[in-house]
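It should be emphasised that the depicted structure is a prediction, and the values quoted were computed from it without experimental measurement.
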Amino acid sequence: MKISGAEAVIRCLLEEGVNLVYGYPGGAIMPVYDELYKFQDQLQHILVRHEQGAAHAAQGFARATGKVGVAIATSGPGATNLVTGIADAQIDSTPLVCITGQVGKHLLGSDAFQETDIIGISTPVTKWNYQITEAHEIPEIIAKAFYIARSGRPGPVLIDITKNAQFDEMEFSYTKCTKIRSYNPKPTLNHEKVAEAAALINAAKKPYIIFGQGVILSEAEAELKALVEKTGIPAAWTILGLSAMPTDHPLNVGMLGMHGNYGPNILTNECDVLIALGMRFDDRVTGSLSTYAKQAKVIHFEIDPAEIDKNVKTTVAVLADLKEALTALIPLVDKNSHESWHNEFKEKYKIELEAVINEELAPTNGKGISMGETIEMINKHSNDNAIMVSDVGQHQMFACRYAKFKTTKSNVTSGGLGTMGFALPAAIGAKMGMPDREVVAIIGDGGFQMNIQELGTIFQSKVPVKIVVLNNEFLGMVRQWQELFFDNRYASTIMVNPNFCAIAEGYYIKAKKVTKREDLDAAVAEMMASKEAYFLEVMVEKENNVFPMIPTGASVSDIRLS
């Protein structure tokens, strides 16, 4: 079958099971958009208002569904506007295929209109990229792109297609890629290493599991639950691991990291065996590496060899797909309860409950509405079953600390890159990927304005996402640091905001503003009951801080409660 390169792009996407893409048209990608128009009954295209929104929406779709997200843009600024989302996807291991148009092959390197070297620009932030200059390359390269994006440790791939390759004709056939020479995404499981890990776990008096997004990416949630229930080992999560275990599970002891729970951080430096599952020992989790878990034997289950011994030296490293590795481990570990060790976590939780949590969820002394109580109200009216898509800042930490989840893939946030502006477009992708679940975007007043234009995408595409802006009229996280470490010098963190409700209503989205605590319950209930998109602005305490907190460079043992 002889077809144009542009039509081949669409047929390749359909062969990969893609039925939804996000993008923004332009001159260099116009032939592909012309074919999208012809195939619109099979492949839905969502017109975003900025290409960064396309990348984040594709991320939200991928994170909520486990499938590959797809974003399309033109050359030059269209391509460069994708880069932030691509970088975010790379560090958070999110599978994306981004397709960009490019000037004709004969114009490459001539500084033609809207020409940029997107291959050079994106190389550091992609798992793989490739420039197609001939139409016949399209099927093979797109097949490779999807295989690389989804296999092993997932990540973003960028395919740049010159305009001549889109116009030229070629003989079309498509074969899915299942193997690439010299690329080994799934390491062979070493059963001896699994046995070594089991021996350490069985001999441990104070074993401790810390788990990350690798559990979700490998679909090992059931295996994680089986492991902790058999061994009785307390388990704590990174923010990207949140929702891999139900938050109310008795062996789920809470959140790790800079603003994590008190016990999970303090007791890291008291365990005797530390079992890391699908996490990368990010600096926000470890604090000072020179004091991190030095007393413990460390077992690291990880699919990416680059992460082994990168930050924390291991006693036993199990390089493998996590689901496969845990399946092999579970029969080898002894049944246990570790009751006295669990009691240490319970005692630490009581301290945090009295010092931080009670006041956050039920503020006293005339304080304004807190972010924590707002998250708790969303839990109440969603039956702990919403997908929460948080932006970056204080509200993100409050959302991660207090959100309650029963179902995996329920927490979508920008982890490693910390991208303000992520949540609004990512919530669009999450809702379109999981239309039967409620999706709530939790956003600060700063981050909301970074991609506020995507309200237009919500309106035009009729995406019934719920948007909650927690407005403290500050860039709250930076302000907190300025208060604690820069003598209250609030340099460029005070926000003079517009009328957010009027803006939302300008996009024909129902909007409400809450300024009084007694109105919060009813407003959240109304929002969650809405069958359409809904915008809720909650005016929260202006100078409320998120605690606990590990100061930068400090030990996890130095976590502060105030």
Side-chain angles (χ1 to χ4, degrees), residues 12 16-18 55 58-59 61-71 85-98 122-130 140-159 175-191 193-194 197 211-224 238 240-241 244 276-282 299-312 314 316-329 408-409 415-417:
C12 290
E16 289 291 342
V18 176
Q59 284 180 275
F61 174 88
R63 293 273 291 279
T65 65
K67 300 175 183 178
V68 178
V70 180
I86 292 170
D88 194 286
Q90 172 79 339
I91 200 165
D92 282 354
S93 305
T94 305
L96 295 188
V97 169
C98 296
S122 67
T123 293
V125 293
T126 49
K127 190 176 177 185
W128 183 62
N129 62 16
Y130 188 90
E140 179 186 1
I141 297 305
I142 290 182
K144 281 185 177 180
F146 276 87
Y147 175 63
I148 291 170
R150 67 163 67 98
S151 59
R153 180 179 181 175
V157 172
L158 182 136
I159 304 300
T175 304
K176 285 192 177 184
C177 182
T178 58
K179 187 177 182 181
I180 299 172
R181 190 177 65 180
S182 78
Y183 172 58
N184 300 304
K186 188 176 178 180
T188 302
L189 178 64
N190 184 329
H191 286 271
K193 292 293 184 184
V194 176
F211 63 90
Q213 191 185 201
V215 176
I216 296 169
L217 295 175
S218 66
E219 298 182 336
E221 294 93 343
E223 289 75 14
L224 170 63
T238 69
L240 294 185
L277 305 179
M279 54 84 69
R280 61 190 180 86
F281 290 110
D282 176 74
I299 305 169
H300 195 178
F301 287 81
E302 173 61 47
I303 198 168
D304 185 354
E307 296 296 345
I308 300 293
D309 292 331
K310 185 176 82 175
N311 294 326
V312 174
T314 55
V316 176
V318 181
L319 187 64
D321 172 77
L322 188 59
K323 187 180 185 76
E324 183 183 358
L326 292 184
T327 300
L329 176 69
T408 189
K409 298 186 181 75
L417 197 64

* Could you give the distance from OG (S122) to CD1 (I86), rounded to the nearest 0.5 Å? -> 6.0 Å
* To do: Hey, could you give me the CG/NZ distance between L217 and K409, rounded to the nearest 0.5 Å?
  => 8.5 Å
* Considering all heavy atoms of both residues, which atom of V125 and which atom of P156 are nearest to each other, and what is their separation? -> O-CG, 3.6 Å
* Just by distance, do the side chain of D321 and the backbone of I303 share a donor-acceptor pair under 3.5 Å? -> no
* Asked: Hey, which of T238, I216, L277 is the one that makes side-chain contact (heavy atoms from CB on, under 4.5 Å) with F211?
  -> L277
* **Reported CD-to-CG distance for the pair E221 and L322, which is rounded to 0.5 angstrom** => 9.5 Å
* Side-chain donor/acceptor of H300 to backbone N/O of L319, under 3.5 Å -> no
* Asked: In Å and rounded to the nearest 0.5 Å, what is the CG to CD distance from L224 to E219?
  -> 14.0 Å
* Asked: Do you know which two heavy atoms are closest between Q59 and A89, and how far apart they sit?
  -> NE2-N, 3.4 Å
* So, D92 side chain and G415 main chain: donor-acceptor pair closer than 3.5 Å or not? -> yes
* **Identified side-chain contact (heavy atoms from CB on, under 4.5 Å) counterpart of W128 within the set I141, I180, T123** => I141
* Within the distance-only criterion (no hydrogens, no angle test), does the side chain of N311 pair as donor or acceptor with the backbone N or O of F281 below 3.5 angstrom? -> yes
* Asked: Does the side chain of F61 reach to within under 4.5 Å of the side chain of T94, using non-hydrogen atoms?
  -> no
* Asked: What are the two closest non-hydrogen atoms of L417 and D88, and how far apart are they?
  -> CD2-N, 3.5 Å
* E302 side chain near K310 side chain, heavy-atom distance below 4.5 Å -> no
* Quick one: does N129's side chain have a donor or acceptor within less than 3.5 Å of a partner on L158's backbone? -> no
* **R280 side chain near L240 side chain, heavy-atom distance below 4.5 Å** => no
* Structure fact -> Heavy-atom nearest pair, S218 first then G214, reads OG-O, 2.8 Å
* Structure fact -> dist R63:CZ -> T65:OG1 (nearest 0.5 Å) comes out at 11.0 Å
* State, to 0.1 Å, how close V318 and A325 come at their nearest heavy-atom pair, and which atoms those are. => CG1-CB, 4.1 Å
* Non-hydrogen atoms of V316 and A197 that approach each other most closely -> CG1-N, 4.2 Å
* Main-chain N/O of T178 paired to Y147 side chain as donor or acceptor, under 3.5 Å -> yes
* Within a strict 4.5 Å, meaning less than it, do heavy atoms of the K144 and Y130 side chains meet? -> no
* To do: Would you mind reporting whether K127 and S151 have side-chain heavy atoms less than 4.5 Å apart?
  => yes
